[in-house]
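Have a look at the structure below before the remarks.
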Amino acid sequence: MDLQLAGKRAVVSGSTAGIGFAIAEGLAREGARVIVNGRTQAAVDRAVATLVAGTGSDVTGFAADLATAEAAAGVVAQYPDIEILVNNLGIFEPKPFEQIPDDDWRRFFEVNVLSGVRLARLVLPGMRKRNWGRIIFISSESGVQIPAEMIHYGMTKTAQLAVSRGLAEAVAGTGITVNCVLPGPTKSRGVGDFVNALAESEGKSFAEYEKEFFAKVRPTSLIKRFATPDEVASLVVFVASPLASATTGAALRVDGGVVKSAF
């Protein structure tokens, strides 16, 4: 299927590894002109080289922390023709509620929510002028089923749902769509490293820990395993395409059935 993405300018925040990298790769394979982002030049250069070699597409890099106002303004100034914005940048950290200080609440909001709000605000004028654009927030099933082990993270993922829906309402009747994609437990680099460390500390293999995790921690999962970044990226790439023009203001789950609802 031709997703009609050839030549579209896309930026994916936090895209040197994991879900972000998979999204960048999926967009590049469809012919989009992709801007890869990470905080260090070395990581960005590696990701760009890998994507160019693997897809042959126009892939460039922007090394900066897009959670900062300066970096957000910089990427939009350098690439004023951004047509697709994928807000993937995010952090997570399990921590008991009583041990989460005010600074952590602020930090999680700044990185997970405000970074996407700021980028959307900056790219929106250009999208309005062209009367076409795609803004996608990578939220989480944790925004619907708040995890007790990291409430501050869940709060930010719920906030993304609110921002996404509100912004979709604000651009109603235009060629711009705004959506949230909600992955479930996914074997991204960060999660993979975290799970491997936990498994090792308990003297278990990854497979053993995975089986136990879905039996006890996420028992409502229907696939009973961690999703792969590519599985998440497939949905995101479609939503970013012109073919998804009637999909907007939506919370789209690629959660392996973790959220126990038919709606």
Side-chain angles (χ1 to χ4, degrees), residues 12-15 17-23 26 86-97 100 104-105 108-109 111-113 115-117 135-168 177-195 198 206 209-240 244 247-263:
V12 185
S13 65
S15 50
I19 292 173
F21 180 85
I23 293 169
V86 182
N87 287 310
N88 174 71
L89 181 64
I91 55 175
F92 77 98
E93 178 188 33
K95 183 178 285 189
F97 176 77
I100 306 172
D104 278 6
W105 286 94
F108 269 70
F109 186 83
V111 176
N112 291 4
V113 182
S115 65
V117 168
I135 298 174
I136 303 168
F137 292 84
I138 306 303
S139 181
S140 168
E141 56 90 11
S142 293
V144 179
Q145 299 183 150
I146 308 299
E149 68 272 17
M150 45 184 179
I151 295 171
H152 54 337
Y153 172 78
M155 173 273 298
T156 64
K157 295 296 147 177
T158 304
Q160 286 180 315
L161 295 173
V163 171
S164 174
R165 178 66 199 193
L167 185 52
T177 67
V178 188
N179 292 286
C180 261
V181 171
L182 283 66
T186 303
K187 193 179 179 183
S188 62
R189 183 179 65 181
V191 171
D193 291 346
F194 178 71
V195 171
L198 286 176
F206 182 93
Y209 189 91
E210 181 178 46
K211 183 177 180 179
E212 185 176 304
F213 178 86
F214 285 99
K216 297 181 178 179
V217 182
R218 292 292 187 275
T220 55
S221 170
L222 300 180
I223 61 174
K224 302 300 181 184
R225 62 171 175 82
F226 289 100
T228 68
D230 287 344
E231 289 173 316
V232 176
S234 294
L235 177 58
V236 177
V237 173
F238 172 74
V239 174
T247 302
T248 189
L252 303 166
R253 288 160 37 202
V254 57
D255 65 339
V258 168
V259 177
K260 198 170 181 179
S261 169
F263 306 102

- Do other residues, nucleotides or ligands put more than 12 heavy atoms under 6.0 Å from K224 NZ? yes
- Message: For a quick test of reading the model, state the closest non-hydrogen atom pair linking S139 to P183 and the distance between them.
- Response: O-CD, 3.3 Å
- Query: F108 vs H152 aromatic rings, parallel, tilted or perpendicular, using cut-offs 30° and 60°?
  - Reply: tilted
- Rounded distance [0.5 Å steps], CD1 in I151 versus OG1 in T158: 11.0 Å
- Taking every heavy atom of T186 against every heavy atom of F226, the minimum-distance pair comes out as N-CD2, 3.9 Å
- Message: Could you measure the distance from the CD atom of Q145 to the OG atom of S140? Nearest 0.5 Å is fine.
- Response: 9.5 Å
- Message: Tell me if a side-chain donor or acceptor on N88 pairs with a main-chain N or O of I138 at a distance below 3.5 Å.
- Response: no
- Any chance you could measure R253, atom CZ, to L235, atom CG, to the nearest 0.5 Å? 11.5 Å
- Interatomic distance, C180 atom SG to L161 atom CG [nearest 0.5 angstrom]: 4.5 Å
- Please name the residue in the list V181, N87, V237 that meets the side-chain contact (heavy atoms from CB on, under 4.5 Å) test with I136. V181
- Ionic contact status for E141 with R218, cut-off 4.0 Å: yes
- Item | Closest non-hydrogen atom pair, A168 against T248 | CB-OG1, 3.8 Å
- Message: Please report the interatomic distance CG(L252) to CZ(F137), rounded to the nearest 0.5 Å.
- Response: 13.5 Å
- Query: Do you know which two heavy atoms are closest between V259 and D255, and how far apart they sit?
  - Reply: N-OD2, 2.9 Å
- Item | Under 3.5 Å donor-acceptor, T220 side chain and V258 backbone | yes
- Supply the atom-to-atom distance I223 CD1 to E231 CD, rounded to the nearest 0.5 angstrom. 6.0 Å
- Query: Where is the tightest heavy-atom contact between I91 and Y153, given as atom of each residue plus distance?
  - Reply: O-CD1, 3.2 Å
- Message: Let's go through L89 and V111 carefully: what are the C-alpha distance in whole Å and the side-chain angles of both, what is the deciding distance for side-chain contact (heavy atoms from CB on, under 4.5 Å) to 0.1 Å, and is it a yes or a no?
- Response: CA-CA 7 Å; L89 181 64; V111 176; 4.2 Å; yes
- Please confirm whether the backbone N or O of G154 pairs with a side-chain atom of S142, one donor and one acceptor, at under 3.5 Å? no
- Item | Note, K157 side chain near N112 side chain (heavy atom, < 4.5 Å) | yes
